[in-house]
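Encoded as structure tokens, the structure appears first; notes follow it.
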Amino acid sequence: MDDVVIALQRAVEAAATAVGAPGTNVQVQEVPDGRPGDYGTPVAFALAKALGKNPAAIAAEVVAALSLPAGVAEARAVGPYINFNVEPAGFVRQVALEPRRPSAARLKVVVEHTSVNPNKEAHVGHLRNTVLGDASARILAAVGHAVEVQNYIDDTGRQAAESIFAVTYFNARYAPETDRKYDHWLGELYVRLSAAKERDGEAIERGVNEVMHRLERGELRREVERVLKAQLETYNSLGVEYDLLVWESDIVQGGLLRRGLDVMEKSPHVSLPDSGKFAGALVMDVSEFLPGLEEPLVVLVRSDGNAMYVAKDIGYQFWKAGLFEGLTFERFAQQPSGRPLYTSSQHGELHPDGRSFAHADEIINVIDVRQSHPQTIVRTALALSGTPEGLHAFENSHHLAYEVVTLEGQAMSGRRGITLSIDEVAEEATRRARAVVEEKNPGLADIDQVARQVGIGALRFGMLKGEAKKVIDFRWEQALSLQGDSAPYVQYAHARACSILRAAAAAGIDQPTAQAAADFAALGQLEVRLARVVRRFPEVVEAAAAALAPHQVAQYALDLATAWNGYYNHKGEDGRPDTQVMRAEPGLREARLLLVDRVRATLAAALELLGIGAPEQM
RNA sequence: GCGCCCGUAGCUCAGUCGGAUAGAGCGUUCGCCUCCGGAGCGAAAGGUCACAGGUUCGAAUCCUGUCGGGCGCACCA
């Protein structure tokens with residue numbers, strides 16, 4: 001059987017043709033609570049204009065001309081609206097047993113996220129990036145894309161150099177047993193070095209510069225890897241995994257920078273002025289694509305011969321789009337789920353384990369909104385390259401910009417000590433969740449795991465439930481809340497459904513048994529309302545993927561949990577519960593059970609897309 | 001100065017393509033476990049959707065302007 005909404009759309013279109021308005025675009029939407037009907041359409045408004053009659057009259061006419069599709073019980077004009085009631089039996093049955101899937105896309109999508117400087121522990125601002133990127137990758141994969149997650153390692157930057165130099169400068173030695181986690185330990189040295197610049201600036205400058213040169217030659221890879229591994233531990237503990245680490249030093253040594261510049265140098269927009277402000281530097285004129293800029297010239301290579309970050313990124317983006325090769329890879333680690341993590345490497349191979357990287361149809365860069373300007377310039381370079389591939393990459397690359405996370409209204413700053421690490425927050429979140437689980441459910445077997453799922457879930461959800469372009473001011477009570485608009489609210493709804501299904505299993509009712517015995521005709525309006533929300537899931541996922549907006553999935557999860565909780569607690573006119581599942585009479589019981597099972601699976605799927613666990617008990 | 005983003009309940013936020021009475025959570029007040037999990041549910045109170053014009057049968061949503069706030073405009077990244 002066709003999906004009801006699609007069938008209704010077609011039926012109304014046919015009726016519109018019959019009353020003299022062929023080709024009308026019909027939208028069918030859920031009827032707001034308190035109005036008659038399950039689905040409805042405002043199409044009469046549009047027809048009124050075309051046909052020169054009033055909308056209510058048209059609505060009546062269309063109703064008369066309608067031939068109702070299977071599964072729809074009734075159509076009626078409600079003022080200018082045309083509303084429909086579905087047949088509960090068929091509708092709920094379809095929702096429960098024949099879940100729709102998102103339409104299958106099949107593009108290669110490269111998502112770059114995290115990309116934290118490997119010189120200190122990651123903070124909650126990075127958490128937002130990572131969680132947003134991770135959820136986006138999951139959602140894109142859910143609609144059928146082949147997603148590759150890359151994490152860019154800026155190992156040749158000043159920040160990495162300062163941290164590494166700090167170790168020798170302070171003659172520090174890391175003691176794994178007694179010292180803090182390595183990235184925290186190193187981060188502290190980094191801050192100390194910044195402070196020491198006041199009295200010993202010149203020597204530190206010399207030392208840092210020397211380290212930078214060694215980094216560029218890839219000589220200090222082990223040192224960088226050590227911090228990186230500590231950072232990855234943090235992300236893995238949040239349920240975040242990657243496919244590939246791309247090192248900036250490899251981009252340079254592997255020739256991506258050179259090849260990118262070769263392409264750019266052929267562009268008529270790129271020049272090497274021999275006089276003026278930019279004498280001796282390689283500059284790109286972006287005015288054609290970015291008009292109105294005060295300074296339309298962007299430096300790619302400085303007059304001293306050093307490439308700007310933008311130039312390296314251009315090479316990297318070209319490579320992502322498949323304009324050229326240049327990187328080789330090797331296996332780096334096995335991640336908790338078993339998914340292998342690869343890394344770029346000077347002595348790797350092009351196709352390790354038969355894998356192939358980059359060659360993206362679509363490129364998504366998760367990076368904070370303050371980088372919008374340089375991101376735009378990098379993207380513009382793709383267009384200015386003058387190559388068809390570059391133009392294609394330009395059209396298919398997106399900057400997923402998100403606003404910053406502030407701490408009590410203040411911008412985070414490691415140097416000023418205004419910062420909050422992910423590890424610290426995650427630990428506290430888990431601790432709080434554990435206290436609640438112990439109180440509510442003392443005998444729970446895997447309490448540690450559940451506390452993690454709930455605590456980390458709350459944290460992730462807090463980062464994802466709103467739009468990316470809104471600033472998040474981090475506050476403990478809000479970020480770690482276990483009630484209200486939160487992950488635990490959704491998880492609780494899920495656990496509640498699981499509990500009913502456990503009772504069913506104990507009574508010997510499994511899926512096939514339930515399907516054989518279910519009497520969907522016994523269902524009513526309450527089930528239709530719940531099923532209506534369930535039905536929406538695939539379109540929500542599609543929309544979230546198209547808009548790169550994981551918050552739409554988060555909001556949906558809340559909607560579904562609310563609908564389910566409302567159903568669960570519903571009382572009839574006599575004040576007694578009238579939606580019980582296991583205490584309902586046979587037939588009705590099984591039909592409700594199947595719907596509850598679908599609710600459970602949908603809640604779990606929505607949480608999964610957000611990277612949040614769905615414990616069966618909590 | 002130029003550019004981008006934001007402004008919806010006391011606070012934090014939802015609100016695809018313009019559609020029905022603008023919805024949640026937190027906080028406040030009241031009610032609900034002799035009923036499958038009360039981390040829940042129901043109800044009350046709380047709104048000139050920043051402001052002013054415009055388009056439209058219809059605007060929180062689209063357009064223009066104004067006012068507030070944030071961010072960005074390096075031979076840094």
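Proteins come first, then strands; the chains are lettered A, B, ... in the order of their sequence lines, and each starts at number 1.
- Within the nucleic acid shown, A:A48 has no heavy atom closer than 4.0 Å to any nucleic acid atom.
- For the atom pair CD (A:E467) and CD (A:Q552), the distance works out to 8.5 Å, reported to the nearest 0.5 Å.
- Rounded to whole Å, the distance from NZ on A:K571 to P on B:C32 is 11 Å.
- A:E542 has no carboxylate O lying under 4.0 Å from a charged side-chain N of A:R100, or vice versa, which leaves the two without a salt bridge.
- Out of B:A20, B:C36, B:G37, the shortest distance to the side chain of A:M582 is found at B:C36.
- Atom name P, nucleotides B:A20 and B:A60: the rounded distance is 9 Å, in whole Å.
- Ion pairing between a basic and an acidic side chain is recognised when a charged N comes within 4.0 Å of a carboxylate O; A:R158 and A:E216 show no such pairing.
- Distance, A:Y39 OH to B:G19 C1': 18 Å, rounded to whole Å.
- When both pairing distances are held under 3.5 Å, B:A43 makes a Watson-Crick or G-U pair with B:U29.
- The nearest whole Å value for the distance from the CD atom in A:E403 to the C1' atom in B:G72 is 11 Å.
- Contact annotation for A:Q580: base contact, defined as any heavy-atom pair under 4.0 Å involving a base atom.
- The distance from the CD1 atom of A:I472 to the CD atom of A:E403 is 10.0 Å, given to the nearest 0.5 Å.
- By the stacking rule of 5.5 Å between ring centres and under 30° between planes, A:Y568 does not stack on the base of B:C41.
- A gap of 40 Å separates the P atoms of B:G19 and B:G31, to the nearest Å.
- In this structure, A:V283 reaches neither bases nor backbone, as no heavy-atom distance under 4.0 Å exists between it and the strands shown.
- Residue A:G79 is out of contact with every strand shown, counting any heavy-atom pair closer than 4.0 Å.
- A:Y316 and A:Y152 have parallel rings, their planes meeting at less than 30° on a 0 to 90° scale where 60° marks the start of perpendicular.
- Under a 3.5 Å cut-off, the side chain of A:K312 and the backbone N or O of A:E248 do not form any donor-acceptor pair.
- Contacts of A:E539 with the nucleic acid, taken as non-hydrogen atoms under 4.0 Å apart, are absent.
- Taking 4.5 Å as the limit, every side-chain heavy atom of A:Y489 sits out of range of all side-chain heavy atoms of A:Q483.
- Separating the P atom of B:U56 from that of B:G70 is a span of 38 Å, rounded to the nearest Å.
- Spacing between atom CD of A:Q453 and atom C1' of B:A39 amounts to 15 Å, rounded to whole angstrom units.
- Using P as the reference atom, B:C41 and B:G3 are 47 Å apart when rounded to the nearest Å.
- Look at CD1 on A:I377: it is 16 Å from P on B:G3, rounded to the nearest Å.
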Just the atom pairs and distances: protein N or O near nucleotides 55-61 of chain B's N or O, under 3.5 Å.
{"unit_1": "B:C57", "atom_1": "OP1", "unit_2": "A:K49", "atom_2": "NZ", "d": "3.3"}

Report each atom pair, protein N/O against N/O of nucleotides 75-77 of chain B, whose distance is under 3.5 angstrom.
{"unit_1": "B:C75", "atom_1": "O2", "unit_2": "A:S303", "atom_2": "N", "d": "2.8"}
{"unit_1": "B:C75", "atom_1": "O2", "unit_2": "A:S303", "atom_2": "OG", "d": "2.9"}
{"unit_1": "B:C75", "atom_1": "N3", "unit_2": "A:S303", "atom_2": "OG", "d": "2.7"}
{"unit_1": "B:C75", "atom_1": "N4", "unit_2": "A:K277", "atom_2": "O", "d": "2.7"}
{"unit_1": "B:C75", "atom_1": "N4", "unit_2": "A:A279", "atom_2": "O", "d": "3.4"}
{"unit_1": "B:C76", "atom_1": "OP1", "unit_2": "A:R302", "atom_2": "NH1", "d": "2.8"}
{"unit_1": "B:C76", "atom_1": "OP2", "unit_2": "A:R302", "atom_2": "NE", "d": "3.2"}
{"unit_1": "B:C76", "atom_1": "OP2", "unit_2": "A:R302", "atom_2": "NH1", "d": "2.6"}
{"unit_1": "B:A77", "atom_1": "OP2", "unit_2": "A:Y309", "atom_2": "N", "d": "3.1"}
{"unit_1": "B:A77", "atom_1": "O3'", "unit_2": "A:D154", "atom_2": "OD2", "d": "3.2"}

Where along nucleotides 22-30 of chain B does protein come under 4.0 Å, by heavy atom, of base (B) or sugar-phosphate alone (S), with - for untouched nucleotides? --BS-----
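- Base orientation for B:C33: syn, the chi torsion being within 90° of 0.
- A:R128 has no carboxylate O lying under 4.0 Å from a charged side-chain N of A:D368, or vice versa, which leaves the two without a salt bridge.
- In this entry the base of B:C13 is anti relative to its sugar, with a glycosidic angle more than 90° from 0.
- The base-pairing partner of B:U12, taking Watson-Crick or G-U wobble contacts with both distances under 3.5 Å, is B:A24.
- Comparing the P positions of B:C32 and B:C49 gives an interatomic distance of 37 Å, to the nearest angstrom.
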Quick one, A:Q317 with A:D313, criterion side-chain hydrogen bond (donor to acceptor under 3.5 Å, both in side chains). Give me CA distance, side-chain angles, the key distance, then yes/no. CA-CA 6 Å; A:Q317 301 303 324; A:D313 206 14; 3.1 Å; yes
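- Taking A:F45 as the reference, A:Y81 meet the ring pair (Phe, Tyr, Trp, His ring centres under 6.0 Å) condition, with sequence neighbours excluded.
- For A:K469, a side-chain nitrogen or oxygen approaches OP1 or OP2 of B:C6 to under 4.0 Å.
- Side-chain contact of A:N565 with A:T562: a donor-acceptor pair under 3.5 Å is absent, judged by distance alone.
- Residue contacts for A:V471: at a heavy-atom cut-off of 4.0 Å it reaches the sugar-phosphate backbone alone, with no base atom in range.
- Heavy atoms of A:E616 sit under 4.0 angstrom from at least one base atom.
- Lacking a ring centre under 5.5 Å from that of the base six-membered ring together with a plane angle below 30°, A:Y489 does not count as stacked on B:A39.
- A salt bridge links A:E428 with A:R431: the distance from a Lys NZ or Arg NE/NH1/NH2 to an Asp or Glu carboxylate oxygen falls below 4.0 Å.
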Just list the side-chain donor-acceptor pairs under 3.5 Å for residues 450-459 of chain A, sequence neighbours left out, or say none.
{"unit_1": "A:R452", "atom_1": "NH2", "unit_2": "A:S237", "atom_2": "O", "d": "3.2"}

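- Nucleic acid contact for A:N83: base, since at least one base atom lies under 4.0 Å from a heavy atom of the residue.
- The side chain of A:R35 contributes an N or O atom lying less than 4.0 Å from OP1 or OP2 of B:U21.
- In this structure, A:H551 atom NE2 and B:C13 atom P are separated by 13 Å, rounded to whole Å.
- Within 4.0 Å (heavy atoms only), A:S115 reaches no atom of the nucleic acid at all.
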Using atom types as modelled, flag every donor-acceptor pair under 3.5 Å from a side chain in residues 437-446 of chain A to any protein atom, sequence neighbours excluded.
{"unit_1": "A:E438", "atom_1": "OE2", "unit_2": "A:R434", "atom_2": "NE", "d": "3.1"}
{"unit_1": "A:E438", "atom_1": "OE2", "unit_2": "A:R434", "atom_2": "NH2", "d": "3.2"}
{"unit_1": "A:N441", "atom_1": "ND2", "unit_2": "A:M618", "atom_2": "O", "d": "2.6"}

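- If you check B:C57 for Watson-Crick or wobble pairing at under 3.5 angstrom, you find it paired to B:G19.
- Of the N and O atoms on the side chains of A:T114 and A:N151, not one donor lies less than 3.5 Å from an acceptor on the other residue.
- One cannot find a donor-acceptor pair under 3.5 Å joining the base of B:A39 and the side-chain atoms of A:N441.
- For B:G72, the paired base is B:C2 (Watson-Crick or G-U wobble, both distances below 3.5 Å).
- Looking at heavy-atom distances under 4.0 Å, A:Q27 makes contact with a base.
- What separates NZ of A:K470 from C1' of B:G70 is a distance of 13 Å, to the nearest Å.
- For A:N569, counting side-chain heavy atoms from C-beta on, the closest listed nucleotide (B:U12, B:G37, B:C41) is B:C41.
- The nearest whole Å value for the distance from the CD atom in A:E467 to the C1' atom in B:C13 is 10 Å.
- Within 4.0 Å (heavy atoms only), A:A546 reaches no atom of the nucleic acid at all.
- Nucleotide B:C51 has B:G65 as its partner under the Watson-Crick or G-U criteria, with both atom distances under 3.5 Å.
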